[in-house]
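So that the names make sense, note that chain A is the first sequence line, chain B the second, and so on, each numbered from 1.
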Number of protein chains: 2
Amino acid sequence: MKTPILSDYLLQHFDKQSPGPSNQQLYRLLRKAILDRVLQVDARLPSSRDLARELATCRNTVLYAYDQLRAEGYIEGRSGSGTFVTDTAPQEGALNQTPMSHAPLGAQVAPILSRRGQELVAHAGAAAQQWGPFVPGVPDVVQFPHQTWSRIQKKVWRRPSPDSLTYAQGGGYLPLRVALADYLKVARCIDCSPEQVVITTGIHQSIDLCMRLLSDPGDLAWVEDPCYWGTRNLLRASGLNIRPVPVDAEGMCPGPADFAAVPRFIFLTPSHQYPLGMVMSLARRRLLLEYASRNDCWIIEDDYDSEFRYNGRPLAPLQGLDSAERVIYLGTFSKTLYPGLRVGYLVLPRALVRSFVTGVNELHRAGTIQTQATLAEFITEGFFTSHIRRMRTTYARRLGLLQQLINKRFDPSVVQTIGSDAGLHLVLQLPDYCNDQELAAKATHAGVAVRPLSLYYHDATRSAQGLLLGYACVHESQIAPAFEVLARHIEHELWNKPAPLSRNDAEYRASRNKAVL
Amino acid sequence: MKTPILSDYLLQHFDKQSPGPSNQQLYRLLRKAILDRVLQVDARLPSSRDLARELATCRNTVLYAYDQLRAEGYIEGRSGSGTFVTDTAPQEGALNQTPMSHAPLGAQVAPILSRRGQELVAHAGAAAQQWGPFVPGVPDVVQFPHQTWSRIQKKVWRRPSPDSLTYAQGGGYLPLRVALADYLKVARCIDCSPEQVVITTGIHQSIDLCMRLLSDPGDLAWVEDPCYWGTRNLLRASGLNIRPVPVDAEGMCPGPADFAAVPRFIFLTPSHQYPLGMVMSLARRRLLLEYASRNDCWIIEDDYDSEFRYNGRPLAPLQGLDSAERVIYLGTFSKTLYPGLRVGYLVLPRALVRSFVTGVNELHRAGTIQTQATLAEFITEGFFTSHIRRMRTTYARRLGLLQQLINKRFDPSVVQTIGSDAGLHLVLQLPDYCNDQELAAKATHAGVAVRPLSLYYHDATRSAQGLLLGYACVHESQIAPAFEVLARHIEHELWNKPAPLSRNDAEYRASRNKAVL
């Protein structure tokens, strides 16, 4: 069988000027010719010498391409008679037995994502922007002592042991777990052994492990309403049913209807409710602990930013009250050091430690021991606590500045500040007739990346309206100009919305006038 | 109400010699006294002055403890009359309405893990040991050019931008994605844009993303039998049904019964079947691609170690043949650089890119840009390909040494070596009457950490018997002594098992005699 068509095809497509090695180019062209049936099964290929001459290229180029095609099964030598295209096309026989899942005419094309995939993407909560005024939940990473970190890191890399470079055992680098147990004892009143501390890549991985090891699809989880969007997404992705439980001034506030359906998990942010900022009262803590211990629920305590409390000392976590070992404590370095580090940890009841160490290895495979060794030394050398101390002062100053600007600009009966004694953000609560999502989108577009409070509610259409303002990552000099931009957008929203029918007009006008000042 | 009992309690437990600040110690003691009802609700606390005197400590210690207890709600000042224990005990009223889930007498205590958690732990596959002869799947991390890495890392840390320290956008550091797209084009014949490359923490996270975004619980996945234990565990954890499909010399070999039930996913290791080592034939590749494209299945191509092929060039991945965009390609740096790095990547069909970038952020939150920046420069400076080249020579030498020892020691009709032209390990296949799990456990105990082949089969009781020997991580000088230890264990297993009834005695004796030599 002759192949004049091949010569035409190759002369047309082979381009010696194109970037990349020409032997690979030729291999690809021939492969495509075979797959597209330009070269039929059993077609005979020209000799390498002939083809090289025809293409005005060197013979090695052709030999390379032929060798690769032969190795991959596209062509085969037949003794004495040359090189031929192998028959590798799928046999219809095998495929005809298969059911055809193509949708009938007129039916909808199947969506590309699965149901849970679609749900995940539809509820996506991560902000497009992660730096700048007033991105909430982000610390000032510019202040991170990167020179100190780099120095320690260099030392850790001087003579790495094989064990610190290969897959890790799970649970994490022991000296880091020891350093954390010591830190947690002094800073957070948590009594735990280093073995109870299991290192993860952050709050998300910690929650994921709890879901996969301690729950089955269909299990119930209580979350605070509002709460962190990530928690809800992880629960959904693991097939859990979510019961949003409202919060009041004392934190999560379950009613009789809530108590009646015993959940597998109770997700709490007792030290600093996310995003509203209240501290859970002792009475509520004891009630929920008692309930969890009687009903074999797990309390997941997300203690994401309690190092930053500006009035008085940090409050002890729920974990310290838990004599029944029903509390799983989650910590992270995302707020104290920098989010990109991707190191967090769980403090586990003793009975769970072995399963979680196994779970990390099976689901995620452990590693990053060099990073953990750097972090361990950063902590034991005292840099961690001194960085926290320094940032606490800085953030308090920034909070003060922002609070002043808010107080000067807005009437607190219209625009109320909440959750401003701890953490990295505060919440501006707006009148119900505002649309915080529109407002946040406009402000973000103008360079001020606030987030709408309603995003954090289970049902955004029935939520309070407001904005989360992260002040931690904004330099003092930027606060006033950024706030000016934001304030104008807020005012625009306050003025230009028609007052709802139920609203007291006088009150509204008063607020509006105040907002002008 | 008097509290003489408190004084006794404190005098008994307060220990000024104990390590840690005594103000915290006192706070904890008082807290415990309240929670344990040593101090009843409404009990009045002694004045700070009195208590300090009684405990022979300074007044500030007591003031600290009282302040903290007050802040946390344990005690309260009542104007003019002193400090009292607050009533925070849970009200039985609230709790009595709750159903009691305690198991009735005689019933089994509920297991602490969920069903899927128990299943995960029961099928755990990760080895306890990750370094030493002959741990499979681990590269020689001692040869990793850690000084070069450290130098680049130091440079990257000199002036980190805020964006490289905070949460990342997902998808990964763009220059790394560009470097990978370039590398994949030259080294793996993969045509993709940098946008199609999405950075993950490794094969596990890559698989997890596919499961969560593209499947729902109950969906079917074909896996090769045998296959990597991690794949099976991740599928189970995501609620998928696993159909093990046997492999033959051409790779995965589905029969009519397999074809009849269309899966959502087909998991393949076409370049180097894990763990047996065969290359999937072109005919089989085209058949599976055609089937996947007709039936809207996703093919997950795990190309974990194809950089290391000792005879001839690496073969092009399935991805390059996929005109229907049904192949998701998984890569990792665990075998080429070091496992602890925890960086892998997906090459995605264009239609999936946005959803996967969203998925990484929602499920895992992205970060580690500094690590990715170091890696990007390591690649673009040429260190990556030169390291691979060097290790390919090293591993080929080690493989040669090990193969010689095996050939000298064992009759290939009894102990067969398979999968030895690529990768980081080979498989010694043993007669069916051996028990590879027992054998591997004994060898590991003796310091030679091989893994049993049956571990990789869907049904270990019906699997071939054999051992995986990783030679990549064993220095040349260690190969012979380690093999000597292993060989004795293998011989012991070969000799001491009763020959099965069905076995040809002469053949068995012959094999046994050969094994003695």
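Options A:L213, A:V135, A:D258, A:D67 differ in how many heavy-atom pairs under 4.5 Å they form with chain B, and the most are formed by A:L213. Note: B:P217 leads B:A71, B:P217, B:G202 in heavy-atom pairs under 4.5 Å with chain A. Of the listed residues (B:S281, B:A168, B:P160, B:G239), the greatest number of heavy-atom pairs within a distance under 4.5 Å of chain A belongs to B:P160. Ranked by heavy-atom pairs under 4.5 Å with chain B, the first of A:I207, A:V121, A:L214 is A:L214. Heavy-atom pairs under 4.5 Å with chain B peak, among A:G117, A:C473, A:G340, at A:G340. Interface remark: of the candidates A:P21, A:A89, A:G359, A:G230, A:A89 forms the most heavy-atom pairs closer than 4.5 Å to chain B. Most heavy-atom pairs under 4.5 Å with chain A: of the set B:Q153, B:R354, B:R264, this distinction falls to B:Q153. When the candidates A:R115, A:Q129, A:R151, A:R158 are compared by the number of heavy-atom contacts under 4.5 Å with chain B, A:R115 comes out ahead. Between chain A and the options B:S150, B:A351, B:P339, B:A283, heavy-atom pairs under 4.5 Å are most frequent for B:P339. Of the listed residues (A:S238, A:A128, A:A237), the one with the most heavy-atom contacts under 4.5 Å to chain B is A:S238. Note on B:P162, B:G73, B:G367: by heavy-atom pairs under 4.5 Å with chain A, the leading option is B:P162. Top candidate by heavy-atom pairs under 4.5 Å with chain A, chosen from B:I369, B:L321, B:L337, B:V279, is B:L321.
The minimum heavy-atom distance linking B:A124 with A:T358 is given by the pair CB-CG2, 3.6 Å. Contact record, A:G137 with B:Y167: O-CE1, 4.1 Å, taken as the closest heavy-atom pair. Annotation for B:A127 and A:Q169: closest pair O-OE1, 4.2 Å, computed over non-hydrogen atoms. Closest approach of B:H204 and A:N361 over heavy atoms only: CE1-O, 4.1 Å. A pairwise comparison of heavy atoms in B:E290 and A:P90 identifies CB-CG, 3.8 Å as the closest pair. Shown here for A:A316 and B:Q68, the closest heavy-atom pair between the two residues is N-NE2, 4.2 Å.
Neither the backbone nor the side chain of A:E119 comes within less than 4.5 Å of any heavy atom in chain B. With a threshold of 4.5 angstrom between heavy atoms, B:Y27 approaches chain A through side-chain atoms but not through N, CA, C or O. When heavy atoms are compared at a cutoff of 4.5 Å, A:L352 approaches chain B solely by way of its side chain, counted from C-beta outward. Proximity to chain A (any heavy atom under 4.5 Å) is shown, for B:T371, by neither the backbone nor the side chain. When heavy atoms are compared at a cutoff of 4.5 Å, A:K32 does not approach chain B at all. Of the two parts of A:Y74, the backbone and the side chain both hold a non-hydrogen atom closer than 4.5 Å to a non-hydrogen atom of chain B. Residue contact with chain B, scored on non-hydrogen atoms closer than 4.5 Å, is absent for A:D219. With a threshold of 4.5 angstrom between heavy atoms, A:T166 approaches chain B through its backbone and through its side chain. Only the side chain of A:R31 comes within less than 4.5 Å of a heavy atom in chain B; its backbone stays farther off. Of the atoms belonging to A:S323, not a single heavy atom falls under 4.5 Å from chain B.
Interatomic distance, B:S164 OG to A:H146 NE2, rounded to the nearest 0.5 Å: 10.0 Å. Rounding to the nearest 0.5 Å gives a distance of 7.5 Å between OG of A:S355 and CD1 of B:I112. Summarising the geometry, atom CD1 belonging to B:I75 is positioned 11.0 Å from atom CG belonging to A:L282; distances are rounded to the nearest 0.5 Å. In this structure, CD in B:Q147 is found 9.5 Å from CZ in A:R159, a value given to the nearest 0.5 Å. In this structure, CD in B:Q118 is found 8.0 Å from CG in A:D216, a value given to the nearest 0.5 Å. The CG atom of B:L165 lies 12.0 Å from the CD atom of A:Q143; values are rounded to the nearest 0.5 Å.
Between the side chain of A:Q130 and the backbone N or O of B:D163, no donor-acceptor pair lies under 3.5 Å.
Under the ring-ring contact (aromatic ring centres under 6.0 Å, His included) criterion, A:F356 pairs with no residue at all, not counting sequence neighbours. Every residue meeting the ring-ring contact (aromatic ring centres under 6.0 Å, His included) condition with B:Y338, not counting sequence neighbours, appears here in chain and number order: A:W157, B:F144.
Using a 4.5 Å heavy-atom threshold, the side chains of A:E72 and B:C189 count as separate. B:R365 has its side chain out of reach of A:Q205: every pair of non-hydrogen atoms, C-beta onward, lies at least 4.5 Å apart. Between A:L363 and B:L120 there is a side-chain heavy-atom pair separated by less than 4.5 Å. The shortest side-chain heavy-atom distance between A:R212 and B:S114 does not fall under the 4.5 Å cut-off. Taking 4.5 Å as the limit, every side-chain heavy atom of A:R285 sits out of range of all side-chain heavy atoms of B:T88. Inter-residue side-chain proximity for A:R28 and B:D191 is flagged as met; some heavy-atom pair is nearer than 4.5 Å. Inter-residue side-chain proximity for B:Q24 and A:V186 is flagged as met; some heavy-atom pair is nearer than 4.5 Å.
For the residue pair A:T368 and B:R342, no side-chain donor N or O sits within less than 3.5 Å of a side-chain acceptor on the partner. Side-chain atoms of A:R116 and B:S215 form a donor-acceptor pair, as typed in the model, at a separation below 3.5 Å.
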Practice prompt. May I have the step-by-step check of side-chain contact (heavy atoms from CB on, under 4.5 Å) for A:R286 and B:L35, ending in yes or no?
Written response: CA-CA 9 Å; A:R286 294 180 73 179; B:L35 294 172; 3.6 Å; yes

